[in-house]
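Down below is the structure, laid out as structure tokens.
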Amino acid sequence: MTLQELSQKLARKEISSMELTQNYFKRIQSLNPKINCYLTLCEETALKQAQASDQRRAEGKTIGLLDGIPIALKDIFITEDIRTTCGSKILENYIPPYEGSTALAFKNAGTVLLGKLNMDEFAMGSSNEFSAFGPVRNPWNLDCIPGGSSGGSAAAVAADLCAATMGTDTGGSIRQPASLCGVVGLKPTYGRVTRSGLIAFASSLDQAGPMTKDITDCAMLMNLVAGYDPKDSTSLNVPVPDYTASLNKSVKGMRIGIPKEYFIDGIDTQVATSVRNAAKKFEELGATVEEISLPNTKYAVPAYYIIAPAEASANLARFDGVRFGYRTPDPKDLLELYEKSRGHGFGAEVTMRIVIGTFVLSTGYYDSYYIKAQKVRTLIKNDFLNAFKNFDAILTPTSPTPAFKLGEKTDDPLKMYLSDIFTIPANLAGLPGLSLPCGFSKEGLPIGMQLIGKHLEESTLLQLGFTYEQATEWHKKRPAL
Ligand code: GLN
């Protein structure tokens, strides 16, 4: 059931939060061994939260629409007294002493936290195979990856092991796994949703957002998490619309651009066809669709793989066995303490990113790599701003292929990096991007499309997504587990 359906059932007292929570744990017990999407379960605290919610309802003191609904969070969100690993051995035993802003928002809304979800280590990856705690499997085909880095989140929603969740997206980590698991994922405008209480990967790109079963649920979670947070210095202090209120507005006359650079060699033909069919559907629904050009698209992946590692190398300096994280037992001196703690704690992909990031920031290379990548970033942003002079939204595939097999790309970083070729540009430009289901491959794997919007125009994307959803059935399909 969706958040909306659960909320109604709870309101009509057809089910209690306690029963719901117990049902979710039963389902998790039977399916999580196969899917491996949960890293930590919070059964004891969850049952208490459920009981408290039922009590509030009995007394007529229900907090809001989400009160009593069981959710989960990607293990990058700081949760007070609950282990937060960020998918890394270096934080295997880290128990945060405070509640991050996102976790707090969910707690204050009366939701029940079932547990913390698997992810690529420090959110670096596109397949969830770089988790220190084993890969997550795609609920649609257990031999396939769920996407990454929010692979546990996408799989948990697709397999209904939680009602909805939050992921984070630095280069595609909400949208790409949402697309590969057949769920909805929204990366909001940079600054729209707080980054406070989020373990930082690349601070100028990171953004948290909902991963849900449908567009209405996505809008409901945006209503909860969007808005100014004084604890995040890049948080935008601007009014927030009611995201559910505008879903029903007509899309007649809206102008959608399809960038020709996004239909490249190597893109799966079934993906291309599904997105083209979605474009036709939008035309039937009254929007106009035209081809556009975003000429600097091909530089997005190389620019990202300089900027993101550069920021990561700085952010991850705090995991040194002194301030945070695993500490080697008997170092002979301070240098060895750092080397052994970090060497043991970080996996290969994270280590490679730190090395690349340190390199591109070092004297002599800073101008030719880092500064150049920043200039390219501006060009990419300008491409979008130009396009948005004449268009309301941009339609693209989310991922160039449906889910691939486990092990298929782990030996080839470039192949893996290209999984995010269509999602990275929106992060570089700070724009909102929504992924929603738009088809299935002949192998039965979900295909997703991406709608990119103007800064702070999440409601336009949700409106387009909702209208499409009303006219199609893709979002109603569930994996046969
Ligand atoms: N797959 C990309 C990377 O590995 C994006 C990850 C993300 O968005 N967190 O960096």
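All ligand and atom numbering here is 1-based and tracks the order in the structure.
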As an exercise, identify every atom of ligand 1 less than 4.0 angstrom from a heavy atom of Asp169. 8 (O)

At a 4.0 Å threshold, what atoms of ligand 1 neighbour a non-hydrogen atom of Ala123? 6 (C), 7 (C), 9 (N)

Test your reading of the structure: does Gly172 have an N or O sitting under 3.5 Å from an N or O of ligand 1? yes

Any nitrogen or oxygen of Phe201, main chain or side chain, under 3.5 Å from a nitrogen or oxygen of ligand 1? no

State plainly whether the residues Glu261 and Lys298 are in salt-bridge range, i.e. N to O under 4.0 Å. no

How about Ser131 and Asp120: does a side-chain donor come under 3.5 Å of a side-chain acceptor? no

Do Thr85 and Asp75 have side-chain N/O donor and acceptor atoms under 3.5 Å apart? yes

Could you check whether Phe122 and Phe319 have their ring centres less than 6.0 Å apart? yes

Among protein heavy atoms, which sits nearest to atom 3 (C) of ligand 1, and what does the distance come to when rounded to 0.1 Å? Tyr305 OH, 3.3 Å

Ser149 and ligand 1 - part of the residue with a heavy-atom distance under 4.0 Å: side chain

Going by salt bridge (Lys or Arg N to Asp or Glu O under 4.0 Å), Asp169 matches just one of Arg175, Lys187, Arg195. Which one? Arg175

Is there a heavy atom in Ala308 that sits closer than 4.0 Å to ligand 1? no

Under a 3.5 Å threshold, yes or no: a donor from one side chain and an acceptor from the other, between Ser204 and Glu311? yes

Kindly assign one of parallel, tilted or perpendicular to the pair Phe440 and Trp474, based on the angle between their ring planes and the thresholds 30° and 60°. tilted

Which ligand 1 atoms, with their elements, are less than 4.0 angstrom from a heavy-atom of Gly171? 5 (C), 7 (C), 8 (O)

Region of Met119 that comes within reach of ligand 1 [heavy atoms, distance under 4.0 Å]: neither

All pairs passing salt bridge (charged side-chain N to carboxylate O under 4.0 Å, His left out) where residues 344-359 contributes a residue, at least two apart: Glu349-Arg353

For atom 10 (O) of ligand 1, what is the closest protein heavy atom, and at what distance to 0.1 Å? Tyr304 OH, 2.6 Å

Any idea which atoms of ligand 1 are less than 4.0 Å away from a heavy-atom of Met124? 4 (O)

Would you mind finding which of Asp120, Asp420, Leu205 brings a heavy atom closest to atom 1 (N) of ligand 1? Asp420

Taking all heavy atoms of Ala393 and all of Phe388, pick out the closest pair and write down the distance. CA-CE2, 4.0 Å

Closer than 4.0 angstrom, basic N to acidic O: yes or no for Asp160 and Lys213? yes

Give me the nearest non-hydrogen protein atom to atom 6 (C) of ligand 1 as residue plus atom name, then the distance to 0.1 Å. Ser173 OG, 2.9 Å

Is the closest N or O pair between Gly148 and ligand 1 shorter than 3.5 Å? no

Taking the non-hydrogen atoms of Glu349, is any one of them nearer than 4.0 angstrom to ligand 1? no

Could you establish whether Tyr417 and ligand 1 come within less than 4.0 Å of each other, counting only heavy atoms on the residue side? no

At under 4.0 Å between heavy atoms, is it the side chain or the backbone of Phe130 that contacts ligand 1, or both, or neither? neither

Would you check if the distance from the ring center of Tyr365 to the ring center of Tyr370 is below 6.0 Å? no

